[in-house]
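Counting starts at 1 for both ligands and their atoms, following the listed order.
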Amino acid sequence: MENKKIIITIDGWSSCGKSTLAKQLAKELGYVYIDSGAMYRAITLYFLRNHVDWTDTAEVNEALKNISIEFEFNAKSQQSEIILNGENVEYVIRDLVIAEKVSDVAAIKEVRSFAVAQQQKMGEKKGVVMDGRDIGTTVFPEAELKIFMTADIAIRVERRFKEMYEKNPNITIEEVKTNLEMRDYIDSHREVSPLRKADDAIEIDNTHLTQEQQLNYAMELARKVI
Ligand code: DC
């Protein structure tokens with residue numbers, strides 16, 4: 001008998017390694033990986049480029065009508081990358097300029113409805129691993145496996161700093177720490193779908209885990225359900 005396809009959600013704080021685990025799990029299981037944070041980042045990029053005043057609901061609604069977001073598998077990088085209105089923005093959206101604004105944009109009700117509807121559509125056929133902040137609570141409350149990731153702030157800052165330093169050697173540890181703390185605060189205190197652990201989510205604290213250990217544990221959890 002063929003294994004049943006499920007939805008796996010991975011939520012948690014910024015820079016906990018959610019996307020690393022999600023990508024590895026998707027690869028092991030032959031599932032599609034969807035980076036929901038990339039969608040909020042792409043919307044933020046569009047708003048910044050087009051000088052959209054996101055405190056004005058009418059302007060936000062108008063702008064959203066002009067946004068099309070897709071994911072496309074890139075054979076070269078071996079990962080699915082985000083396409084905003086036909087342009088590959090996978091790398092541009094990782095800039096600190098976007099990171100500094102994305103939590104404000106992601107807190108807007110209209111933006112969330114827009115993104116959540118597309119995320120739910122992407123999960124219709126199951127066989128999906130999606131990471132974010134509200135995937136187990138709002139996007140797929142019926143998901144078969146929900147993981148909530150945490151890690152010590154010092155470790156998270158160190159990991160994100162290393163990643164960003166490669167692209168921008170002018171960045172400081174302080175800037176990275178301030179940005180992570182600010183995003184965690186806004187993401188967990190907003191009115192619509194704040195970041196929280198779903199009651200039925202399994203917590204993984206990966207402060208002292210290697211990537212291999214964390215993958216093995218998550219695969220064990222997935223196998224039990226599948
Ligand atoms: O996962 P990330 O750091 O790329 O996400 C960028 C921001 O988008 C994050 O600060 C909060 C927001 N986000 C969200 O509100 N809901 C999601 N499902 C995913 C991300």
Side-chain angles (χ1 to χ4, degrees), residues 7-23 25-26 33-48 54 60 64 67 69 71 79-82 84 89-123 128-141 143 146-151 153 155-157 159-164 167 171 175-198 201 206:
I7 291 182
I8 302 177
T9 66
I10 304 184
D11 290 304
W13 306 99
S14 292
S15 296
C16 269
K18 298 185 295 295
S19 66
T20 304
L21 177 61
K23 279 180 202 166
L25 266 181
Y33 162 61
I34 297 160
D35 174 358
S36 72
M39 298 174 74
Y40 293 100
R41 287 172 179 264
I43 296 168
T44 305
L45 175 67
Y46 181 92
F47 283 5
L48 287 174
W54 58 75
V60 167
L64 290 174
I67 297 181
I69 291 175
F71 286 91
Q79 61 172 16
S80 91
E81 297 182 345
I82 189 159
L84 168 68
V89 292
E90 178 66 31
Y91 301 97
V92 198
I93 57 166
R94 311 288 161 195
D95 265 16
L96 192 59
V97 186
I98 303 293
E100 278 172 351
K101 301 287 177 215
V102 64
S103 286
D104 290 334
V105 171
I108 302 168
K109 191 168 86 203
E110 292 73 18
V111 168
R112 299 207 73 79
S113 309
F114 174 84
V116 168
Q118 297 190 29
Q119 290 154 7
Q120 288 173 333
K121 207 154 192 301
M122 292 173 191
V128 158
V129 185
M130 192 178 291
D131 70 342
R133 306 293 189 287
D134 63 337
I135 311 303
T137 51
T138 302
V139 183
F140 298 120
K146 299 180 186 177
I147 293 172
F148 189 86
M149 291 182 66
T150 65
I153 181 78
I155 291 283
R156 296 197 277 131
V157 170
R159 289 178 189 157
R160 181 51 65 108
F161 175 72
K162 275 190 194 148
E163 211 176 275
M164 295 190 94
K167 290 176 218 149
I171 202 155
E175 273 177 311
V176 174
K177 184 164 188 275
T178 307
N179 178 255
L180 284 195
E181 287 177 337
M182 179 199 72
R183 285 203 287 141
D184 283 348
Y185 183 84
I186 302 176
D187 295 343
S188 55
H189 286 79
R190 68 181 171 225
E191 218 170 288
V192 194
S193 301
L195 165 68
R196 69 167 184 85
K197 177 177 168 289
N206 68 12

Numbered atoms and elements of ligand 1 in range of Gly132, under 4.0 angstrom, heavy atoms
17 (C), 18 (N), 19 (C)
Could you list which atoms of ligand 1 come closer than 4.0 Å to a heavy atom of Ala106?
12 (C), 15 (O)
So, taking the atom named SG in Cys16 and the one named CD1 in Ile153, what distance separates them when rounded to the nearest 0.5 Å?
8.5 Å
With rounding to the nearest 0.5 Å, note down the distance linking CD in Gln118 to CE in Met39.
4.5 Å
Does any N or O atom in Arg190 lie less than 3.5 angstrom from one in ligand 1, N or O only?
yes
Using a cut-off of 6.0 Å, state whether more than 12 heavy atoms not belonging to Lys177 lie near its atom NZ.
no
Would you say the side-chain atoms of Asp131 and Ser19 include a donor-acceptor pair closer than 3.5 Å?
no
If hydrogens are left out, which of Met182, Arg41, Gln119 has an atom nearest to atom 4 (O) of ligand 1, that is, the closest non-hydrogen atom?
Arg41
Show the atoms of ligand 1 that are less than 4.0 angstrom away from any heavy atom in Asp134.
16 (N), 17 (C), 18 (N)
May I ask whether Met39 places a heavy atom under 4.0 Å from ligand 1?
no
Ignoring angles and geometry beyond distance, decide whether Ser103 reaches within less than 3.5 Å of ligand 1 through its nitrogen or oxygen atoms.
yes
Identify the closest protein heavy atom to atom 16 (N) of ligand 1: which residue and atom is it, and at what distance?
Arg112 NH2, 2.9 Å
CG/Leu195 to NZ/Lys197 distance, rounded to the nearest 0.5 angstrom?
12.0 Å
Does Lys18 reach ligand 1 with a nitrogen or oxygen that is under 3.5 Å from one of the ligand's nitrogen or oxygen atoms?
no
Nitrogen or oxygen atoms of Arg133 and ligand 1 under 3.5 Å apart:
yes
Mind checking whether Ser36 has an N or O less than 3.5 Å away from an N or O of ligand 1?
yes
Under 4.0 Å from any heavy atom of Tyr40, which atoms of ligand 1 are there?
8 (O), 13 (N), 14 (C), 16 (N), 17 (C), 18 (N), 19 (C), 20 (C)
Inspect the contact between Glu163 and Lys167 and indicate whether a charged nitrogen and a carboxylate oxygen are less than 4.0 angstrom apart.
no
Honestly, for Ile135 the part within reach of ligand 1 (heavy atoms, under 4.0 Å) is side chain
Quickly, which of Arg196, Arg133, Arg156 forms a salt bridge (Lys or Arg N to Asp or Glu O under 4.0 Å) with Asp184? Name it, please.
Arg156
